[in-house]
Q: 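Take a look at this one; I'll ask things after.
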Amino acid sequence: MNVLILGSGGREHALAWKIAQSPLCKQLYVAPGNAGTGAMAQNVALSPEDFDAVKSFCLESEINLVVVGPEAPLVAGIVDFFKADVDLQHIGIIGPDKAAAELEGSKKFAKEFMEKYQIPTAAYQSFSTGQEAEAEAFLETLQAPYVLKADGLAAGKGVLILQDLSEAKAEVRSMLGGKFGAASETLVIEEFLEGLEFSVFALTDGKSEIILPVAKDYKRVGEGDTGPNTGGMGAISPVSFVDDALWTKTIEQIIKPTIKGIGLEKFDYTGFVFFGLIEVKGEPKVIEYNVRMGDPETEVVMPRLKSDLLQHLSAAVQGRLNEEKAEIDSQYCTTVMAVSEGYPGSYEKGKAISGLENLENCIPFHAGTRLEGDKVLSNGGRVIALSAMGANKEAALAKSYAAAKTICFEGIQYRKDIGFDLK
Ligand code: AMP
Ligand code: GLY
């Protein structure tokens with residue numbers, strides 16, 4: 001099969017690394033990719049949001065399967081574009097159509113879906129511009145902290161958690177007044193949930209699913225989970241507090257009803273479902289859905305998947321995922337993200353990365369890198385995810401951290417406490 005992966009981060013490198021191992025994979029392309037994907041697949045200089053360019057490339061290169069990494073092209077309707085075009089209908093595509101991508105693209109839509117299918121989540125109400133007074137009245141019925149969410153995609157900045165009622169009321173007015181543009185003309189106000197977060201991923205063909213290893217990402221920039229949120233500073237898999245009892249509840253109360261709901265809604269959904277979950281007093285609840293794999297979770301999930309991902313993906317596009325079974329490695333996997341100085345605020349790019357050739361016992365997944373001549377340069381806030389396997393968490397972490405010390409670029413930063421004990 002000729003496979004095209006859309007995207008350019010650590011997630012896409014990890015997907016490429018796994019797909020390239022499949023005997024079913026003939027040619028592998030990543031668009032636009034990074035220095036890491038360029039070393040093991042062919043990078044294609046096109047934007048995943050330029051659907052016409054994606055189409056031309058797919059036809060020229062006789063692509064059989066497209067794997068969409070990030071959410072933006074999905075929310076913009078790339079799957080609908082493929083299915084509506086007779087020239088492209090023979091090509092499998094991994095991702096939901098635009099309507100189903102609203103599970104990530106609209107918080108209100110996701111909450112209504114969860115309500116309809118009785119999937120445990122925080123109690124909520126939604127409000128649109130013009131309903132400022134009603135929103136404030138609802139806030140008064142809640143206790144601090146107050147959770148405000150812009151309905152639409154807001155570059156990861158659309159969720160505010162505030163301690164003070166008057167500040168929350170002012171934010172409600174500002175959001176409904178267009179603080180995040182159209183994304184916050186509707187907002188969801190919800191109950192604050194206290195607990196530990198974890199991530200679960202399933203691949204679905206809209207009827208059945210295979211469940212991938214559980215993971216946890218470390219979202220804050222600073223040690224001890226302090227400072228601003230980032231895209232993710234590291235991840236581990238498995239997760240100690242997700243014991244058998246919690247895992248069983250997660251499958252029965254959340255994953256199965258979600259996939260059933262996707263079927264009953266007749267969503268056109270062949271792709272990954274990312275369940276952003278929280279444990280509240282032993283019970284799993286959904287914080288959010290995403291319609292793609294997580295980053296950096298993919299960098300710890302893919303190394304633990306022993307079975308053939310490309311085989312699972314092709315079964316999914318043929319609607320026979322029920323024949324597939326994921327085989328999971330019992331070893332631990334950890335990843336430590338090396339980031340640019342200043343991230344998640346402003347940072348410089350173009351720093352030469354050294355030491356890559358000396359990495360041992362590590363699977364380096366490039367995030368923001370690019371090749372210039374024979375030099376690998378930083379090209380983003382998150383630069384490289386240093387993944388490693390081990391018989392236990394400590395053994396895997398020791399390898400990830402040895403790798404973090406082996407590479408160097410000006411201003412390199414990473415959290416020293418990835419995997420820290422959560423309970
Ligand atoms: P979201 O974009 O919905 O995942 O929210 C971003 C982050 O805000 C989550 O990863 C949580 O850490 C936090 N968060 C969101 N909703 C809640 C909630 N209801 N209670 C507590 N924390 C939340
Ligand atoms: N790691 C969280 C995300 O990919 O959204």
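Residue numbers start at 1 and run along the sequence shown. One-based numbering, in listed order, for ligands and for the atoms of each. Owing to the predicted nature of the structure, the values given are computational and were not obtained by experimental measurement.
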Q: Compute the shortest N/O to N/O distance between Arg292 and ligand 2 and return yes if it is under 3.5 Å, no if not.
A: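 Checking ligand 2 against Arg292, an N or O pair does fall under 3.5 Å apart.
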
Q: I'd like to know whether ligand 2 has Ala235 as a neighbour, heavy-atom separation below 4.0 Å.
A: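 Heavy atoms of Ala235 never come under 4.0 Å of ligand 2.
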
Q: Could you identify the single nearest non-hydrogen protein atom to atom 8 (O) of ligand 1 and state the distance to 0.1 Å?
A: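 Atom 8 (O) of ligand 1 sits closest to the protein heavy atom Val159 CG1, 3.7 Å.
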
Q: If you scan the protein for heavy atoms around atom 11 (C) of ligand 1, do you find one that is closer than 4.0 Å?
A: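 It does; a protein heavy atom is within 4.0 Å.
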
Q: Under a 4.0 angstrom heavy-atom cut-off, which atoms of ligand 1 come close to Lys149?
A: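 So the answer, numbered in order with elements, is 3 (O), 15 (C), 16 (N).
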
Q: Any atoms of ligand 1 less than 4.0 Å from a non-hydrogen atom of Phe192? List them with their elements.
A: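 Once the distances to Phe192 are compared, the set is 20 (N), 21 (C), 22 (N).
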
Q: Hey, are the side chains of Ile211 and Ile255 touching, using non-hydrogen atoms and a 4.5 Å cut-off?
A: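 The answer is yes; the side chains approach within 4.5 Å.
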
Q: Does any N or O atom in Asp295 lie less than 3.5 angstrom from one in ligand 2, N or O only?
A: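 N/O-N/O distance below 3.5 Å exists for this pair.
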
Q: Strictly below 4.0 Å, N to O, side chains only: are Asp225 and Arg415 in salt-bridge contact?
A: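 Salt bridge: yes.
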
Q: What protein heavy atom sits nearest atom 13 (C) of ligand 1, and how far away is it?
A: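 Going atom by atom, the protein heavy atom closest to atom 13 (C) of ligand 1 ends up being Ile161 CD1, 3.8 Å.
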
Q: What's the spacing between Tyr218 OH and Thr335 OG1 if we round to 0.5 Å?
A: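 Spacing of OH (Tyr218) from OG1 (Thr335) equals 12.5 Å.
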
Q: Give the numbers and elements of all ligand 2 atoms closer than 4.0 Å to a heavy atom of Gly294.
A: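 Ligand 2 atoms under the 4.0 Å threshold to Gly294: 4 (O).
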
Q: Which heavy atom of Phe127 sits nearest to which heavy atom of Leu176, and what is that distance?
A: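 The pair with the smallest heavy-atom distance is O-CD2, 3.7 Å.
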
Q: Between ligand 2 and Glu297, is the shortest N or O to N or O distance under 3.5 Å?
A: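 Glu297 vs ligand 2: N/O contact under 3.5 Å present.
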
Q: Need the ligand 1 atom indices (1-based, order shown) with element for anything under 4.0 Å from a heavy-atom of Glu190.
A: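 That gives atoms 16 (N), 17 (C), 18 (C), 19 (N) of ligand 1.
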
Q: State, to 0.1 Å, how close Thr250 and Leu277 come at their nearest heavy-atom pair, and which atoms those are.
A: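 Taking every non-hydrogen atom into account, CG2-CD1, 3.5 Å.
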
Q: Do Pro284 and Gln253 come close enough that some side-chain heavy atom pair is under 4.5 Å?
A: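 Pro284 vs Gln253: side chains touch.
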
Q: Find all atoms of ligand 1 within a distance of less than 4.0 Å from any non-hydrogen atom belonging to Lys219, and give their numbers and elements.
A: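 It comes down to these atoms of ligand 1: 10 (O).
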
Q: For atom 2 (O) of ligand 1, which protein heavy atom lies nearest, and how many Å away is it?
A: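 Of the protein heavy atoms, Lys107 NZ, 3.1 Å lies nearest.
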
Q: Would you check whether Ile278 reaches within less than 4.0 Å of ligand 1, judged by its heavy atoms?
A: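 False for this residue.
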
Q: Indicate yes or no: does an N/O atom of Leu193 lie under 3.5 Å from an N/O atom of ligand 1?
A: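 Yes, there is a polar N/O contact under 3.5 Å.
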
Q: Among protein heavy atoms, which lies nearest atom 2 (C) of ligand 2, and at what distance?
A: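 That would be Asp217 OD2, 3.5 Å.
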
Q: How far is atom 4 (O) of ligand 1 from its nearest protein heavy atom, and which residue and atom name does that atom have?
A: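 Scanning the protein heavy atoms, the shortest distance from atom 4 (O) of ligand 1 goes to Glu288 CD, 2.8 Å.
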
Q: Where is the tightest heavy-atom contact between Thr369 and Gly36, given as atom of each residue plus distance?
A: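 Nearest pair, atom of Thr369 first, then Gly36: OG1-N, 3.9 Å.
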
Q: Do you know the tightest heavy-atom contact between Ile418 and Ala235?
A: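 The answer is CG2-N, 4.0 Å.
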
Q: By the definition side-chain contact (heavy atoms from CB on, under 4.5 Å), identify the one residue from Ile353, Leu377, Asn34, Val339 that meets it with Val383.
A: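 When side-chain contact (heavy atoms from CB on, under 4.5 Å) is applied between Val383 and each of Ile353, Leu377, Asn34, Val339, only Ile353 qualifies.
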
Q: Measure from the ring center of Tyr289 to the ring center of Phe274 and say whether it is less than 6.0 Å.
A: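 When the ring centroids of Tyr289 and Phe274 are compared, they turn out to be at least 6.0 Å apart.
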
Q: With nothing but distance in play, are any N or O atoms of Glu197 less than 3.5 Å from an N or O of ligand 1?
A: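 Glu197 vs ligand 1: N/O contact under 3.5 Å present.
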
Q: Tell me, please: is Glu194 in heavy-atom contact with ligand 1, that is, under 4.0 Å?
A: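 Per 4.0 Å heavy-atom rule, Glu194 does not contact ligand 1.
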
Q: Could you walk me through whether Tyr146 and Glu167 satisfy the side-chain hydrogen bond (donor to acceptor under 3.5 Å, both in side chains) test, starting with their C-alpha distance in whole Å, then the side-chain angles of each, then the deciding distance to 0.1 Å, before giving a yes or no?
A: CA-CA 10 Å; Tyr146 304 95; Glu167 205 186 326; over 6 Å; no

Q: Of all the atoms in ligand 2, which lie at a distance below 4.0 Å from a heavy atom belonging to Gly231?
A: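 Selected atoms, number and element: 1 (N).
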
Q: Using the ring centroid of each side chain, check whether Phe109 and Phe113 are separated by less than 6.0 Å.
A: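 Between Phe109 and Phe113, the centre distance exceeds or equals 6.0 Å.
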
